[in-house]
Asker: 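Have a look at this one.
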Amino acid sequence: MLENVRGIFDPKFDTYRKDIMASLSEMGYISEWELVNTHNYGVPQLRPRAVLVALQKEYAPYFSWPLGAVAPPPTVGQLLYDEMASNGWLGAEAWAKQANGIAPTLVGGSKKHGGADLGPTRARLAWEKLGVNGKGLADAPPEKEFVGMPKLTVKMAALVQGFPPDWEFIGKKTPAYRQVGNAFPPPVAKAIGGAINKAILTQGKPKARYHQLSFTELEAVKGEGTGSAV
């Protein structure tokens, strides 16, 4: 499984993507690109990503892209309320009600400015609508009498990215945040990785005529003949 930014689907990269798939085919793999939206997997963030999955021919027919989460993701306010209120901030409840949407794409901080921030101007404006100051990160949640727009901590950013609350990042604030912002959201990686694992562990061998089909073509012939999934 490989992950990249959505821009790799731009027409100028068509040949590049096809070359990768051709190289994988020569090595005995069937591969397919898919655009994955992380908010469909319970991650409260607009983070479309290009994912390439490649499986050896005997396993590829058993792979199908996961459907995602059943319930919609929480809002940023719902997700981060406990953290925002953890130092007794009196404005946490009002803030959480205002932060009633999902987040823009987290990035790994600005190399140009040498620090940790929540993205370019457009992203910071989107954070502002959620009541978050996106120009930097805080060392700790807001204090009791805090007034204004709070900044996220590294832990809050990690929650937005889908990491478990007890996940620890090593290093100071800026390098730790870069680990968070550049990560592939764990719930999405888990879902797709689980689908790959299931394909590999599935017993039985597919019919030989399916070996040269893409995942899309395989989907079209599922259930052919016996009515069961290919």
Side-chain angles (χ1 to χ4, degrees), residues 1-43 45-69 73 102-114 116-124 126 157 160-163 175 177-200 202 206 208-222 230:
M1 176 176 70
L2 301 177
E3 176 254 353
N4 210 311
V5 296
R6 179 174 57 180
I8 202 170
F9 284 127
D10 290 348
K12 64 181 179 181
F13 294 117
D14 285 350
T15 301
Y16 178 68
R17 295 195 316 275
K18 290 176 182 177
D19 286 347
I20 293 174
M21 295 176 72
S23 295
L24 288 167
S25 180
E26 290 176 1
M27 292 186 286
Y29 289 84
I30 293 176
S31 59
E32 184 174 70
W33 290 94
E34 182 80 3
L35 180 64
V36 175
N37 291 298
T38 60
H39 62 272
N40 291 332
Y41 292 81
V43 179
Q45 185 184 165
L46 288 171
R47 194 182 187 90
R49 280 298 182 269
V51 178
L52 173 67
V53 167
L55 284 160
Q56 293 175 343
K57 293 176 180 179
E58 62 265 35
Y59 303 116
Y62 297 105
F63 176 82
S64 58
W65 292 95
L67 297 177
I102 63 175
T105 302
L106 277 177
V107 299
S110 171
K111 291 183 179 180
K112 179 179 179 181
H113 298 110
D117 58 61
L118 301 185
T121 301
R122 183 180 297 179
R124 291 200 296 269
V160 172
Q161 193 72 293
F163 282 93
Y177 173 67
R178 285 180 176 155
Q179 295 174 55
V180 174
N182 289 320
F184 188 38
V188 189
K190 180 180 179 180
I192 299 175
I196 294 171
N197 184 60
K198 182 178 179 181
I200 292 172
T202 298
R209 72 187 185 89
Y210 293 143
H211 284 183
Q212 301 301 321
L213 299 181
S214 69
F215 292 151
T216 303
E217 291 168 327
L218 287 165
E219 187 72 22
V221 298
K222 276 186 178 180
V230 175

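Small disclaimer: the values here were computed from a predicted structure and weren't measured. Side-chain atoms are counted along with the backbone in the values below, which use heavy atoms only and exclude waters and symmetry mates.
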Asker: Closest approach of Ala183 and Gln161, non-hydrogen atoms and distance?
Answerer: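 Reported closest heavy-atom pair: O-NE2, 3.4 Å.
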Asker: Measure the spacing between CD of Glu58 and CD1 of Ile200 and express it to the nearest 0.5 Å.
Answerer: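 Going from CD on Glu58 over to CD1 on Ile200, the span is 9.5 Å.
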Asker: Assess whether side-chain contact (heavy atoms from CB on, under 4.5 Å) is satisfied between Tyr62 and Leu55, documenting all intermediate values.
Answerer: CA-CA 10 Å; Tyr62 297 105; Leu55 284 160; over 6 Å; no
Asker: Just wondering, do Arg47 and Val160 contact through their side chains at under 4.5 Å, heavy atoms?
Answerer: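 Not touching, per the 4.5 Å side-chain cut-off.
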Asker: What are the two closest non-hydrogen atoms of Pro66 and Ala195, and how far apart are they?
Answerer: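 Reported closest heavy-atom pair: CD-CB, 4.0 Å.
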Asker: With the side chain counted from C-beta on, respond yes when Phe63 and Glu32 share a heavy-atom pair under 4.5 Å apart, and no when they do not.
Answerer: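 A side-chain contact is absent here, since even the closest heavy-atom pair is not under 4.5 Å.
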Asker: Evaluate the side-chain proximity of Met21 to Trp33: yes if any heavy-atom separation is below 4.5 Å, no if none is.
Answerer: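 Contact flag for Trp33/Met21 side chains = yes.
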Asker: For a quick test of reading the model, state the closest non-hydrogen atom pair linking Leu106 to Ala157 and the distance between them.
Answerer: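 Smallest interatomic distance, heavy atoms only, reads CD1-O, 3.3 Å.
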Asker: I need the minimum non-hydrogen distance between Ile8 and Tyr16, along with the two atoms involved.
Answerer: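 Minimum heavy-atom contact is CD1-CE2, 3.8 Å.
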Asker: Between Val188 and Arg49, is there a side-chain heavy-atom distance shorter than 4.5 Å?
Answerer: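 When only atoms from C-beta onward are counted, Val188 and Arg49 do not touch, as no gap falls below 4.5 Å.
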Asker: Under the rule for ring-ring contact (aromatic ring centres under 6.0 Å, His included), what residues qualify as partners of Phe184, not counting sequence neighbours?
Answerer: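 So Phe184 forms no ring-ring contact (aromatic ring centres under 6.0 Å, His included) with any residue.
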Asker: Can you tell me how far the CD1 atom of Ile20 sits from the OG1 atom of Thr15, to the nearest 0.5 Å?
Answerer: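 Those atoms lie 11.5 Å apart.
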Asker: Are side-chain heavy atoms of Leu24 and Leu52 found at a separation under 4.5 Å?
Answerer: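 Yes, at least one pair of side-chain atoms sits under 4.5 Å.
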Asker: Is it the case that more than 12 heavy atoms not belonging to Phe9 sit under 6.0 Å from its CZ atom?
Answerer: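 Enclosed: over 12 neighbouring heavy atoms sit under 6.0 Å from CZ of Phe9.
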Asker: With a 4.5 Å cut-off on side-chain heavy atoms, are Pro73 and Val43 touching?
Answerer: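 No, every pair of side-chain atoms sits at 4.5 Å or beyond.
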Asker: Distance from Ile196 atom CD1 to Tyr59 atom OH, nearest 0.5 Å?
Answerer: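 If I round to the nearest 0.5 Å, the distance is 13.5 Å.
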Asker: What pair of heavy atoms forms the shortest contact from Lys57 to Ile30, and how long is it?
Answerer: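 Scanning both residues, the minimum pair turns out to be CG-CG1, 4.0 Å.
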Asker: Looking only at non-hydrogen atoms, find the nearest pair between Tyr177 and Val107 and report the distance.
Answerer: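 Heavy atoms only, the tightest pair is OH-O, 2.7 Å.
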